[in-house]
Novice: 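Pasting a structure below so you can have a look.
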Amino acid sequence: MTSEKRVVVIGGGLAGLRLADRLGPAAAVTVLGEESHVPYNRVLLAEVLAGRYAPEVTALPAPGPALRRGVRAVRVDRAERAVHCDDGTVAPYDTLVLATGSNAVLPPLRGLFEPEGRDLPDGVHAFRTMDDCLALSAAVRPGVRAVVIGGGLLGVSAARALAARGAVVVLAQQGERLMERQLDADASALLATHLTELGVEIHTECRVRGLTTTASAPPAFEARVSGGGAPGTGAAPGQRRVTGVELADGYRLEADVVVLACGVRPRTGLARAAGLEVRTGIVVDDHLRTSDPRIHAIGDCAEHAGQVYGLAGAALEQADALAAVLTGAPAPYTGTRALTRLTLGGGGGGAGNGSLDLAAFGETTPRPGDDVVRLADATRRTYRKVVLRGDLLVGGVLLGELSTVGALARTWEGEEPPHDLFHLLTDDGGH
């Protein structure tokens with residue numbers, strides 16, 4: 001590839017910016033970023049919501065003039081090899097990269113939208129973008145009743161962040177346990193205990209049926225109930241405001257704020273409209289090519305070998321792999337072995353209000369014939385479990401002290417028999 005080659009990247013998140021950085025002067029790169037904010041690390045939004053980080057701390061390295069902020073791609077014309085944007089401009093390409101990411105899933109709840117409407121009631125928030133985070137931060141203060149719908153990684157992160165801000169938090173999870181995709185039953189129970197001690201009320205096997213709303217109160221009442229009103233917390237006159245969450249069993253949870261943490265869905269609209277192959281995500285091969293060889297896809301929107309990762313680590317690995325492809329040094333992308341890691345900070349003061357670290361990788365649910373090794377220390381609140389298939393480490397879950405997670409993950413990623421599994425499990429980092 002020469003610097004005369006025009007590479008257009010749709011998406012100014014982790015994947016798109018990593019690719020632009022890796023390509024450097026090897027191509028004329030244009031990145032179309034829909035959000036007007038300075039590019040940021042989405043992984044850190046929960047820390048911003050918790051008040052631990054200022055928004056500027058999440059900023060990604062400045063991409064320079066390659067990035068056009070606040071510009072949305074509306075159509076891909078494959079025949080003329082050009083991207084049409086909402087500001088009327090057209091970006092011609094030799095190579096196009098779709099790094100469009102994913103959208104928050106908005107569940108089909110009664111009362112979420114009015115007939116023919118697409119506006120969420122005041123007080124109801126997705127938790128996906130910096131705008132979502134800032135709007136939610138403006139609405140939360142001590143004593144606010146918050147209901148988080150969804151007990152996966154995103155919901156757990158949002159619940160502990162709201163609790164850290166002094167909200168009265170209820171977490172409603174439809175499944176049997178928290179973080180079902182990453183944690184086994186024992187690890188999930190420890191996580192639930194930790195969140196409960198932070199003040200989070202947890203309801204599992206709990207299906208949400210709908211929301212209750214009311215017309216917004218007059219401005220004088222708004223000011224009185226909000227103590228002067230933080231910016232952005234009051235609804236416009238006539239707008240609906242959320243008042244509660246209705247469960248399928250008829251129980252009603254009072255709510256001033258509702259967070260929708262029901263997962264994400266790959267953004268594939270542009271690809272579908274352009275006639276590219278789309279299943280769950282935009283289908284790509286081992287060189288991250290779509291069904292049009294001039295168009296590639298990476299990150300949350302891409303589906304490789306039947307899998308959509310939705311994880312930062314996979315997005316970065318795909319960006320690196322595509323940069324190698326585009327600069328003439330291709331090595332097949334064979335997938336990402338993803339490790340999930342999360343720190344749940346405590347509120348400080350009092351027993352049980354410390355932080356809890358957790359990590360999960362690989363297959364945490366054993367198959368018939370697998371061997372499972374578990375170590376639990378109730379006093380120190382640590383839990384370690386690994387799954388062995390023959391001589392190979394195929395997955396693990398760790399809560400509490402994580403000094404061994406790096407060595408375990410390297411063994412798992414290298415697909416080599418662990419040399420001293422007992423030492424890996426019992427090492428406490430010198431404590």
Novice: More than 12 non-hydrogen atoms from neighbouring residues, nucleotides or ligands closer than 6.0 Å to CZ on R252, yes or no?
Specialist: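 Correct, the count exceeds 12.
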
Novice: Between E303 and G281, is there a donor-acceptor pair closer than 3.5 Å when you use the side chain of the first and the backbone of the second?
Specialist: yes

Novice: Is the shortest side-chain N to carboxylate O distance from E246 to R110 below 4.0 Å?
Specialist: yes

Novice: If only atom types and distance count, is the side chain of R384 paired as donor or acceptor with the main-chain N or O of E401 below 3.5 Å?
Specialist: yes

Novice: To the nearest 0.5 Å, what is the distance between NE2 on H304 and OG1 on T336?
Specialist: 9.0 Å

Novice: Donor-acceptor check, side chain of R69 to backbone of S36, threshold 3.5 angstrom: yes or no?
Specialist: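 Answer holds: yes.
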
Novice: Judged by modelled atom types alone, do Y333 and Q318 share a side-chain donor-acceptor pair under 3.5 Å?
Specialist: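 There is such a pair (donor and acceptor under 3.5 Å, judged by atom type) between the side chains of Y333 and Q318.
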
Novice: Decide yes or no on side chain to side chain contact (heavy atoms under 4.5 Å, CB included) for V83 and T30, but give the supporting numbers first.
Specialist: CA-CA 11 Å; V83 178; T30 299; over 6 Å; no

Novice: Measure from the side-chain N and O atoms of S188 to the backbone N and O of L178, and report whether any donor-acceptor pair falls under 3.5 Å.
Specialist: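 Looks like yes, one N/O pair under 3.5 Å.
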
Novice: Please name the pair of heavy atoms, one in T364 and one in F361, separated by the smallest distance, quoted to 0.1 Å.
Specialist: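 For T364 versus F361, the nearest heavy atoms are CG2-O, 3.8 Å.
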
Novice: If every non-hydrogen atom of L67 is compared with every non-hydrogen atom of G12, which pair is closest and at what distance?
Specialist: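 Smallest heavy-atom distance, with atoms named: CD1-CA, 4.5 Å.
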
Novice: Give the minimum heavy-atom separation between G111 and P121, together with the two atoms involved.
Specialist: O-CG, 3.9 Å

Novice: Taking C-beta and beyond as the side chain, do L211 and V245 meet within less than 4.5 Å on heavy atoms?
Specialist: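 Yes - at least one pair of side-chain heavy atoms lies under 4.5 Å apart.
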
Novice: Please name the pair of heavy atoms, one in S291 and one in E277, separated by the smallest distance, quoted to 0.1 Å.
Specialist: OG-N, 3.0 Å

Novice: Would V284 and H296 satisfy side chain to side chain contact (heavy atoms under 4.5 Å, CB included), going step by step from the backbone distance to the final call?
Specialist: CA-CA 7 Å; V284 296; H296 298 73; over 6 Å; no

Novice: Between N41 and T58, does a side chain to side chain donor-acceptor pair (under 3.5 Å) hold up when you go through it step by step?
Specialist: CA-CA 5 Å; N41 186 346; T58 69; over 6 Å; no

Novice: Given side chain to side chain contact (heavy atoms under 4.5 Å, CB included), test D320 with R18 step by step and report yes or no.
Specialist: CA-CA 7 Å; D320 290 348; R18 175 72 158 236; 2.8 Å; yes

Novice: With no hydrogens and no angle check, just 3.5 Å: does a side-chain donor-acceptor pair link E35 and Y40?
Specialist: yes

Novice: Any side-chain heavy atom of R374 sitting closer than 4.5 Å to one from D184?
Specialist: yes

Novice: Quick check on D391: does its CG atom have over 12 non-hydrogen neighbours (other residues, nucleotides or ligands) under 6.0 Å away?
Specialist: no

Novice: Going through the distances and angles, do R128 and S102 end up as a side chain to side chain donor-acceptor pair (under 3.5 Å)?
Specialist: CA-CA 9 Å; R128 181 64 183 159; S102 55; 2.6 Å; yes

Novice: Atom CG in N103, atom CZ in R265: separation rounded to 0.5 Å?
Specialist: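 With rounding to 0.5 Å, CG (N103) is 8.5 Å from CZ (R265).
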
Novice: Are any side-chain N or O atoms of T290 and backbone N or O atoms of I295, one a donor and one an acceptor, separated by less than 3.5 Å?
Specialist: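 Looks like yes, one N/O pair under 3.5 Å.
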
Novice: Is any side-chain heavy atom of L408 less than 4.5 Å from a side-chain heavy atom of L398?
Specialist: yes

Novice: Of the options T129, L14, D300, L60, which is the one that meets R42 in a side chain to side chain contact (heavy atoms under 4.5 Å, CB included)?
Specialist: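 Of all the options given, the one that passes is T129.
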
Novice: Any side-chain heavy-atom pair from V148 and V200 closer than 4.5 angstrom?
Specialist: no

Novice: Flag the pair I282 / P266 as yes when at least one side-chain heavy-atom distance between them is below 4.5 Å, and no otherwise.
Specialist: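 Not in contact.
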
Novice: Considering only heavy atoms from C-beta outward, does the side chain of L49 approach that of R165 to under 4.5 Å?
Specialist: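 They are in contact (side-chain heavy atoms under 4.5 Å apart), so the answer is yes.
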
Novice: Check this for me: does any side-chain nitrogen of one of R160 and E47 sit under 4.0 Å from a carboxylate oxygen of the other?
Specialist: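 Salt bridge: yes.
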
Novice: Give a yes or no on this: more than 12 heavy atoms of other residues, nucleotides or ligands lie within 6.0 Å of atom CZ of F113.
Specialist: yes

Novice: Rounded to the nearest 0.5 Å, how far apart are NE2 of H194 and CG of L191?
Specialist: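 Rounded to the nearest 0.5 Å, the NE2-CG separation comes to 7.5 Å.
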
Novice: V147 versus V242: any side-chain heavy-atom pair under 4.5 Å?
Specialist: no

Novice: Please check: side-chain N/O of R240 versus main-chain N/O of L112, any donor-acceptor pairing under 3.5 Å?
Specialist: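 Flag set: sc R240 to bb L112 pair under 3.5 Å.
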
Novice: Closest approach of A192 and I202, non-hydrogen atoms and distance?
Specialist: O-CD1, 3.5 Å

Novice: What's the separation between atom CD in E205 and atom CZ in R177, rounded to the nearest 0.5 Å?
Specialist: 11.0 Å

Novice: I need the L356 CG to E197 CD distance, nearest 0.5 Å.
Specialist: 10.0 Å

Novice: Flag the pair I149 / C262 as yes when at least one side-chain heavy-atom distance between them is below 4.5 Å, and no otherwise.
Specialist: yes

Novice: Okay, side chain of D256, backbone of V144: is any donor-acceptor separation there less than 3.5 Å?
Specialist: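 Looks like no, no N/O pair under 3.5 Å.
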
Novice: Identify the two heavy atoms, one from V31 and one from G16, that lie closest to each other, and give their separation to 0.1 Å.
Specialist: CG2-O, 4.5 Å

Novice: How far does OG1 of T243 sit from CG of D122, to the nearest 0.5 angstrom?
Specialist: 12.0 Å

Novice: Could you check L402 against R341 for side chain to side chain contact (heavy atoms under 4.5 Å, CB included), going step by step and ending with a plain yes or no?
Specialist: CA-CA 10 Å; L402 298 188; R341 190 163 182 165; 3.7 Å; yes

Novice: Take atom CD of E176 as the centre, draw a 6.0 Å sphere, and report whether it contains more than 12 heavy atoms from other residues, nucleotides or ligands.
Specialist: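 Not more than 12 within 6.0 Å, no.
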
